[in-house]
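Each remark here refers to the structure printed beneath this line.
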Amino acid sequence: MPQIRIALAQVNPTVGALEANADLVVRMTKHAAAQHAHLVAFPEMMLTGYPVEDLALRTSFVDASRAALEKLAVRLDAEGLGATAVVVGYLGRDDATAHQYQLGRPKGSPQNAVAVLYGGRVVARQAKYHLPNYGVFDEARYFVPGDHLGVFRLHGIDIALAICEDLWQDGGPVSVAREARAGLLLVVNGSPYERNKDDTRLDLARRRAADSHATLAYVNMVGGQDELVFDGDSLVVRPDGEVLARAPQFEEGCLVVDLQLPEAVAPAPGPWGMTQERIAGFAVHRTTLTTAPLPAYTPDPGALAPRLSDLAEVYAALVTGLRDYVRKNGFSSVVIALSGGIDSALVAAVAVDALGAEHVYGVSMPSRYSSEHSKSDAQDLAERTGLRFRTIPIEPMVRAFLDNVELTGLAEENLQARVRGMTLMGLSNQEGHLVLATGNKTELAVGYSTIYGDAVGGYAPIKDVPKTLTWELARWRNAAAVERGETPPIPQGSIDKPPSAELRPGQLDSDSLPDYPLLDDVLYRHLEQDLGATELQAAGFDADLVAKVLRMVDTAEYKRRQYPPGPKITMRNFGRDRRVPITSAWREAAREGSTPADAPKADIPEAGPAASEPAPVEPAPVEPQAQPSDETAEQQADAVEPPAAETPERAGRELPPPPPPH
């Protein structure tokens, strides 16, 4: 059978950086050609970065993308790379409808497209057929679909093309790859990370390879783009399901693989020619680059990168998202409020791993309620990680405000958080740091944060991390350091102590919130699986608990809308994934007269990741020897300030650590 060496370029483009992205294509093609690759494939929308969102609707941006593609083809040939076939994603246009106005069609008919570059020319183009319009994707808003499968012949092998969602959906280009008698199905992707998605992708790739009777090569991008993180995980799978090669997660590089593939037998045009046909009612465009097989050579085995554990890949996603948000937006440093608590400690560890300790600034801002161990844990964290540290007491600033405006109770408590937030923003303006908010997903869900206080910032690294997962990640990161012979970055006191906002004497999160494993379980089912009150009761949760939690979730939406962006790691994050109205009179309630016994049970999912069974409704007792922690600016309680008239109970903060992950 004919042989071919392919390179899957798992790279990190930047949205809008057309010239820099083209430079990256040239650089990686040179690298692949130096390893004698005959074909180099780059991710979806490589030239423009992905996702481009409303930039796709700008004629100037589409024109610039298409011009950059033509220029890239010429440049590759001029630099001696014309004999290497390059498959690259770009932003294209359906010229046939670009000037026809039609209600519901994106302005200018932009397309998510892929091109084959060879010999200094753009020799083939294909647009994405299936346009995802769920979760974080809005592609029906931005693109018009393609209408054909592209197959190009290279060194005697027929290679079919597909773009990301075309692999996930039945029908369309992939469905006729088998009848088109392709030897290789090459799929270019911009597939965002979420937990356990890598296993789902592998299963899908195996299934499509078997259906197509073709080896499948899957190339994905890496890096962060606003709230999305791309994890790479490029791979090559045989029709029998054998994984021939797999790239590392969250790392740039080329996955080079030697393949022996069936010789092309379908009728095809001569070199540089193109023909069209219909197979099973679907259009197929064939292009020929070269027809003669390559001389036989000794193949090298494909590399199989070791897989990351679940917690390791979540942590890598947080580091990648933060690093790229800082770098791509022109910052060189970040500033974090260090309270001695678990959330700010985890964010600081992520920031140091992403940027280096010299670029991370930590600020302790104790109040008159701050405990000594909270201040000492913040100092200990700074010494363990090597970040730059300072202490700014807030009591004089709080007192000056109260001398001019009389505030008591919750208003006075939240003033402390807002003074801390103002201090961080002042340092940001003065010194050029990006402020990192340190709230977690559980807090955002129930509104347990101070708007314009701990919610201030430009980026929120653990915004999509449930509270129970923060403890798991902290323990994992410390254990990983021990395995490498390094100092664990997170003080054990920050992990062990019961969480508290420390805005009043003796305050604990357990004053207001259920046990965190129980709370996260309810939130997982409600937020990620859309279970309402009746279904939650049927799953065994107490009716009063369900009513309280869902009410807090509903009334906190206005806060979440004003929270900084942060990396998506779960199936449904706050932001692009989950979109509910701020102004809404709808409140979840159990079906009248229903009980767990008679409520519908058919579609009740398994328990979420926080707990395998519902825990008791009452909060777990706090150990008497434990002392409250100092959760400063990024971890302050807020008087819930909903637009609705009914004011829910105040939410609290972290409980004692949950049991180890099951």
Side-chain angles (χ1 to χ4, degrees), residues 6-12 41-44 50 87 89 128 130 132 134-137 159-175 177-178 182-223 228-261 301-317 320 568-571 606 609:
I6 68 171
L8 304 182
Q10 184 171 285
V11 293
N12 183 2
F42 290 87
E44 177 179 12
Y50 181 80
V87 175
K128 195 173 187 176
H130 290 292
Y134 55 85
V136 300
F137 305 105
I159 302 169
L161 294 172
I163 305 175
C164 203
E165 190 72 10
D166 293 340
L167 187 72
W168 291 83
Q169 301 293 336
D170 294 330
V174 174
S175 68
R178 177 177 177 178
L184 176 67
L185 177 58
L186 177 59
V187 188
V188 301
N189 301 268
S191 181
Y193 168 78
E194 62 186 48
R195 291 182 77 178
N196 302 318
K197 191 176 182 180
D198 56 335
D199 296 329
T200 303
R201 286 195 201 113
L202 177 57
D203 291 342
L204 175 69
R206 283 174 164 153
R207 188 166 68 251
R208 295 302 189 205
D211 293 344
S212 302
H213 286 197
T215 295
L216 186 147
Y218 178 106
V219 58
N220 191 27
M221 65 175 60
V222 293
L228 300 183
V229 179
F230 300 93
D231 57 322
D233 194 31
S234 302
L235 51 88
V236 180
V237 181
R238 284 168 43 93
D240 62 5
E242 180 187 357
V243 180
L244 298 178
R246 199 165 186 182
Q249 298 160 277
F250 303 102
E251 293 182 21
E252 281 194 280
C254 263
L255 181 64
V256 179
V257 189
D258 281 313
L259 300 175
Q260 286 188 313
L261 299 171
L304 289 170
R307 313 309 300 153
L308 297 177
S309 69
D310 178 54
L311 293 178
E313 70 176 30
V314 171
Y315 193 87
T320 300
K568 167 184 165 67
I569 63 149
T570 66
M571 183 173 66
E606 294 298 318

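When reading the values below, keep in mind they use all heavy atoms of this one structure, side chains included, and skip hydrogens, waters and symmetry mates.
What you find for Leu308 and Gln249 is that their closest heavy atoms are N-OE1, 3.0 Å. Heavy-atom minimum distance, Ala7 versus Val256: CB-CG2, 4.2 Å. Considering all non-hydrogen atoms of both residues, Val219 and Ala9 come closest at CG2-O, 3.6 Å. In plain terms, the two heavy atoms of Gly302 and Ala245 that are nearest each other are CA-CB, 4.1 Å. Across all their heavy atoms, Leu185 and Ala162 have their closest contact at CD1-CB, 4.3 Å. Contact detail for Val136 and Pro192: the closest heavy-atom pair is CG2-CG, 4.3 Å.
In terms of modelled atom types and a separation under 3.5 Å, the side chain of Glu313 and the main chain of Tyr193 share no donor-acceptor contact. At least one donor-acceptor pair under 3.5 Å links the side chain of Gln10 to the backbone N or O of Ser234. Side-chain atoms of His130 come within 3.5 Å of backbone N or O of Asp170 as a donor-acceptor pair. Listed for the Glu44 side chain is no donor-acceptor partner under 3.5 Å among the backbone atoms of Cys164. A donor-acceptor contact shorter than 3.5 Å is absent between the side chain of Asp231 and the backbone of Phe250.
Two residues are said to be in side-chain contact when any heavy atoms from C-beta on lie closer than 4.5 Å; Val257 and Leu8 fail this criterion. With a 4.5 Å cut-off on side-chain heavy atoms, Arg307 and Asp233 count as touching. Between Arg195 and Val314, the closest side-chain pair of non-hydrogen atoms falls below 4.5 Å. Inter-residue side-chain proximity for Glu251 and Val222 is flagged as unmet; no heavy-atom pair is nearer than 4.5 Å. Side-chain contact between Val188 and Phe42 is absent, with no heavy-atom pair separated by less than 4.5 Å. For the pair Asn220/Arg201, a side-chain contact is recorded, criterion being any heavy-atom separation below 4.5 Å from C-beta on. Proximity of Arg208 to Val187: side-chain heavy atoms (C-beta onward) are nowhere separated by under 4.5 Å. Side-chain contact between Leu161 and Pro173 is absent, with no heavy-atom pair separated by less than 4.5 Å.
Distance CZ/Arg207 to CG/Leu216: 11.5 Å, rounded to 0.5 Å. Rounding to the nearest 0.5 angstrom, the gap separating the CZ atom in Phe230 from the CG atom in Asn189 is 10.5 Å. Within the model, atoms CG of Leu167 and CG of Leu204 stand 4.0 Å from one another, a figure rounded to the nearest 0.5 Å. For the atom pair Thr570 OG1 and Glu194 CD, the distance stands at 7.5 Å (nearest 0.5 Å). In this structure, Lys197 NZ and Asp199 CG are separated by 12.5 Å, a value rounded to the nearest 0.5 Å. To the nearest 0.5 Å, atoms OG1 (Thr320) and CG (Leu228) are separated by 13.0 Å.
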Determine, step by step, whether Arg246 and Asp198 satisfy the side chain to side chain contact (heavy atoms under 4.5 Å, CB included) criterion, reporting the C-alpha distance in whole Å, the side-chain angles of both residues, the deciding distance to 0.1 Å, and the verdict. CA-CA 11 Å; Arg246 199 165 186 182; Asp198 56 335; 3.9 Å; yes
Please walk me through it: do Asp211 and Arg178 pass side chain to side chain contact (heavy atoms under 4.5 Å, CB included)? CA-CA 7 Å; Asp211 293 344; Arg178 177 177 177 178; over 6 Å; no
Evaluate the side chain to side chain contact (heavy atoms under 4.5 Å, CB included) criterion for residues Val243 and Arg206: first the C-alpha distance (whole Å), next the side-chain angles of each, then the deciding distance (0.1 Å), finally the verdict. CA-CA 8 Å; Val243 180; Arg206 283 174 164 153; 3.5 Å; yes
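Applying the side chain to side chain contact (heavy atoms under 4.5 Å, CB included) test between Ile159 and each of Leu261, Leu184, Ile6, Thr215 identifies Leu184 as the sole match.
By the side-chain hydrogen bond (donor to acceptor under 3.5 Å, both in side chains) test, Glu252 pairs with no residue at all, sequence neighbours left out.
Note on Lys128 versus Asp166: no salt bridge recorded, every NZ/NE/NH1/NH2 to OD/OE distance being 4.0 Å or above.
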